[in-house]
Number of protein chains: 2
Amino acid sequence: MPNNQFKRGELYSFITGKASTAIARRLQKNFKQQGVEITIEQWSVLYHLWKQDGMSQQELCNSTFRDKPSITRLVDNLEKQKLVKRVSSKEDRRMNMIFLTETAKRLQDQSMDIANQTLNEALEGVDVGDIDLCKAVLQQVYDNLK
Amino acid sequence: MPNNQFKRGELYSFITGKASTAIARRLQKNFKQQGVEITIEQWSVLYHLWKQDGMSQQELCNSTFRDKPSITRLVDNLEKQKLVKRVSSKEDRRMNMIFLTETAKRLQDQSMDIANQTLNEALEGVDVGDIDLCKAVLQQVYDNLK
DNA sequence: TTAAATTAGTTGCATAACTAACAATATGCC
DNA sequence: GGCATATTGTTAGTTATGCAACTAATTTAA
């Protein structure tokens, strides 16, 4: 039996990612309660644009760990809500560069506060060293599978 | 600044659950490659029925951490694929008891093998003690938010 | 014993995911 | 230049999630 063989119940919860689902739901709820009308998926796109505005859709795919159709639709919806604008690149007309609107720029601080607050709710009572170790394990898992 | 305040990049990856998404995708891929034609969401329902056949939809909601409409539709699809049958309860006619078909029962061993194999891929090179600690942290997160 | 409240499940609507197939543009090689 | 190949993004079809509103059956309580 391999080293890491899980017991039944544990396997389930690890695979289905109960904890990350719970965090996502809570973040969505906190956004809503504080009047931030975006989905967490939209937030994840904005998050990367706040770090670097004007990324291409392909770059957003890589950053957000989503496939191209997903980004197409997320950008569609963000555009409908007037949070980003598609600008087709002059050097390579296949590419769309995605730019934040002023509205989206104003959302950054508030939404990052909500995200941090959500994580603090999630991690209440967890030892800081344990969090670091957990982050390392999850990173290793990601690297193993990517 | 609260104890658990995350640095930017770490916050993102923890919230979006990159690792659990990666595990889910790999499990789906492994199912497909080995000819098991179910989604991971369907698997999560079957998983609980394998432990205890004949649960009600509400019990499946609690076990799988999904809401009622999700379970309604998952059971719809599982029924279409002839993997489960709805039987309305004689004691309480509001309730549907969900029963595995023979086809679904035969899927158990193979799919559990694939799930274990997937976890072993995911956890390769991770210290067993660290896994335990990580499981404990994730459980705590779940408990904090539920 | 009826009326109100609760519980179990379904349906409709919006968003999002994955796969596969596709159009348009760009690159590389002859 | 011209054709095969890559890359970027879109569209279509299926599955899934969350929320709100709904039906039907059951329980509680006036």
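Computed from a prediction, not measured in an experiment: that's the story for all the values here. Quick note on labels: first sequence line is chain A, next is B, and so on, each numbered from 1.
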Do NZ/NE/NH1/NH2 and the carboxylate oxygens of K135(B) and D132(B) come within less than 4.0 Å? yes
Please tell me if Q57(A) has a side-chain N or O lying less than 4.0 Å from either OP1 or OP2 of dT7(D). no
Residues from residues 70-78 of chain A lying under 4.0 Å of DNA chain C - heavy atoms: S70(A), L74(A), N77(A)
So, is the end of the K18(A) side chain (NZ or CZ) under 6.0 Å from the ring centre of F65(B) and within 45° of the ring's axis? no
Would you please test Q110(A) and I114(A) for side-chain contact (heavy atoms from CB on, under 4.5 Å) and show each step? CA-CA 6 Å; Q110(A) 187 185 9; I114(A) 298 174; 4.2 Å; yes
side-chain hydrogen bond (donor to acceptor under 3.5 Å, both in side chains) partners for K90(B), two or more places apart: none
Please give the nucleotide sitting opposite dA24(C) as a Watson-Crick or G-U wobble pair, both distances under 3.5 Å, or none. dT7(D)
Rounded distance in Å - CZ (R66(B)) to P (dA16(D)): 9 Å
Heavy-atom check, side chain of M55(A) versus side chain of S63(A), under 4.5 Å: yes
Taking for each residue the nucleotide of DNA chain D with the nearest heavy atom, is it F65(B) or K68(A) whose nucleotide lies nearer the 5' end? K68(A)
Distance in angstrom units between Q58(A) CD and dT8(D) P, rounded: 5 Å
Rounded to whole Å, please give me the gap between CG in D67(B) and P in dT11(C). 15 Å
Return the residues of residues 81-89 of chain A meeting this criterion: a heavy atom under 4.0 Å from some atom of DNA chain C. Order them by number, or give none. none
Heavy atoms, side chains only, cut-off 4.5 Å: are I71(A) and I98(A) in contact? no
Return the value, rounded to whole Å, for the distance between atom CD of E41(A) and atom C1' of dA16(D). 12 Å
Are I131(A) and D127(A) side-chain neighbours, meaning at least one heavy-atom pair lies under 4.5 Å? no
Tell me whether R86(B) is salt-bridged to E79(B), with the criterion being a basic N under 4.0 Å from an acidic carboxylate O. yes
In residues 21-40 of chain A, what residues come within less than 4.0 Å of DNA chain C, judged by heavy atoms? T39(A)
Roughly how many Å is it from CG in N62(A) to P in dT7(D), rounded to a whole number? 12 Å
Going by an N to O cut-off under 4.0 Å, is there a salt bridge joining E121(B) and R26(B)? yes
Checking side-chain contact (heavy atoms from CB on, under 4.5 Å) for the pair E124(B)/N120(B): CA distance, chi angles, key distance, verdict? CA-CA 6 Å; E124(B) 198 179 322; N120(B) 288 328; over 6 Å; no
Classified by glycosidic angle (syn within 90° of 0, else anti), dA16(C) comes out anti
Output for pair (L145(B) CG, K29(A) NZ), nearest 0.5 Å, gives 9.0 Å
Among residues 91-98 of chain B, which ones have heavy-atom contacts with DNA chain C below 4.0 Å? R94(B), M95(B), N96(B)
Of K80(A) and P69(B), the one whose closest nucleotide on DNA chain C sits nearer the 5' end is P69(B)
Can you check whether K68(A) reaches Q58(A) side chain to side chain, under 4.5 Å on heavy atoms? yes
Pairwise 5' ranking along DNA chain C for Q42(A) and S56(B), keeping only the more 5' one: S56(B)
Any side-chain heavy atom of R93(A) within less than 4.5 Å of one from S89(A)? no
Suppose the criterion is ring-ring contact (aromatic ring centres under 6.0 Å, His included): which pairs have a residue in residues 77-108 of chain A, not counting sequence neighbours? none
